[in-house]
Amino acid sequence: MGSLVREWVGFQQFPAATQERLIEFFTKLKQKDMNSLTVVVMGKGGVGKSSTVNSLIGEQVVRVSPFQAEGLRPVMVSRTMGGFTINIIDTPGLVEAGYVNHQALELIKGFLVNRTIDVLLYVDRLDVYRVDELDRQVVQAITQTFGKEIWCKTLLVLTHAQFSPPDDLSYETFSSKRSDSLLRTIRAGSKMGKQQFEDSAIEVVYAENSGRCSKNDKEEKALPNGEAWIPNLVKAITDVATNQKKAIHVDKKMVDGSYSDDKGKKLIPLIIAAQYFVVKMIQGAIRSDVKISGKPL
Ligand SMILES: Nc1nc2c(ncn2[C@@H]2O[C@H](COP(=O)(O)OP(=O)(O)OP(=O)(O)O)[C@@H](O)[C@H]2O)c(=O)[nH]1
Ligand SMILES: [Mg+2]
């Protein structure tokens, strides 16, 4: 399951301005004794997960397809440069054909066991108007598998960021409405309390993976506001990796039973004890009833 760590050839393909900023972020990580980083990419099918991995690595490392992918397994891509290693794990879509793909989640869990997730990129599309019950269910499935804490290590990545909203909406209004509704869904699906959710402060970052993405004056792929999105995304990844919250270590226990089930299991002895006392009380009541009814009137 391991993946070969290769020299990061794609890095040289980035424009000089992007390279400079990425080196700055990786130096910051190394100063904090983080010589490697593991980023996991999850989300529904076809939202642009694999394309985002290719954009970040600067090479065509994982397969991108406009059509539904069948039975794909997670793939880890590792690249090293100047003593720093980045591992990016691309995963199969968690929603396909209108259902949460639990089989995909099982494969992801198995793949991640004994690994530590420094950052989760939860990917969706910017150019979609609604969130629905399935969005909530997919967040719930991730929470049940990896625990609520995963959301403190998450960035919400919105692809197709060069999209033009309908006439009556500005880009800023549309993107903030879209990100707000997705963040609300994450809060609902993860069952985080208001405070806990605010503490997790999930940042939203935009990505445009299309080859037709426009460029700024430094030749970097840019968002409609002119900002280079790849350095923005790497900066956000660095911030999440170094925030105060612990990285998510996926252990066997997490894989064997979902988080919520595990918490339920801890209650079993208490439930049995409570049942024992209730039965004893009922037995006692019956005995005293029998005694009373046995007495002559
Ligand atoms: N215009 C545009 N197209 C994109 C973008 N990201 C992905 N696409 C296209 O959307 C389609 C699906 O992209 P993928 O990267 O394969 O999506 P995925 O989430 O990995 O899909 P699965 O692995 O099947 O779940 C492909 O045709 C991509 O070219 C984007 O930011 N902008
Ligand atoms: Mg993919």
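Only heavy atoms go into these numbers, but all of them, side chains included; no hydrogens, no water, no symmetry mates. Both counts, for ligands and for their atoms, begin at 1 and track the order of listing.
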Quiz item: Would you say the side-chain atoms of Thr159 and Asp124 include a donor-acceptor pair closer than 3.5 Å?
Solution: no

Self-check item: Option nearest atom 4 (C) of ligand 1 (shortest heavy-atom distance, choices Lys49, Lys221, Arg212, His160)
Solution: His160

Quiz item: Would one find an N or O of Gly46, backbone or side chain, under 3.5 Å from an N or O of ligand 1?
Solution: yes

Quiz item: Between the candidates Gly48, Ser65, Ala207, Gly45, which shows the shortest non-hydrogen contact distance to atom 11 (C) of ligand 1?
Solution: Ser65

Quiz item: Got an N/O contact under 3.5 Å between Val47 and ligand 1?
Solution: yes

Quiz item: Considering only heavy atoms, does Ser51 approach ligand 1 within less than 4.0 Å through its side chain, its backbone, both, or neither?
Solution: both

Practice problem: Please identify which atoms of ligand 1 are closer than 4.0 Å to at least one heavy atom of Gly93. | Solution: 25 (O)

Quiz prompt | Heavy-atom nearest option to atom 1 (N) of ligand 1, drawn from Glu208, Arg63, Arg125, Gln162 | solution = Glu208

Self-check item: Aromatic ring proximity Phe174/Tyr129, centre distance under 6.0 Å
Solution: yes

Exercise. Could you tell me whether Asp180 and Arg187 make a salt bridge, using a distance below 4.0 angstrom between a side-chain N and a carboxylate O?
Key: no

Self-check item: For Thr159, atoms of ligand 1 separated by under 4.0 Å from a heavy atom
Solution: 31 (O)

Exercise. Using distance alone, decide if ligand 1 has a nitrogen or oxygen within less than 3.5 Å of any nitrogen or oxygen in Asn209.
Key: yes

Self-check item: Ring centers of Trp8, Phe26 separated by less than 6.0 Å
Solution: yes

Exercise. State, without any angle test, whether Thr185 and Asp135 hold a side-chain donor-acceptor pair at a distance under 3.5 Å.
Key: no

Self-check item: Contact check: Ser65 to the Mg ion (ligand 2), N/O/S below 2.8 Å
Solution: no

Practice problem: Kindly say whether the aromatic ring centers of Tyr122 and Trp151 come within a distance under 6.0 Å. | Solution: yes

Practice problem: Determine, step by step, whether Lys109 and Glu106 satisfy the salt bridge (charged side-chain N to carboxylate O under 4.0 Å, His left out) criterion, reporting the C-alpha distance in whole Å, the side-chain angles of both residues, the deciding distance to 0.1 Å, and the verdict. | Solution: CA-CA 5 Å; Lys109 270 201 294 190; Glu106 287 304 311; 3.2 Å; yes

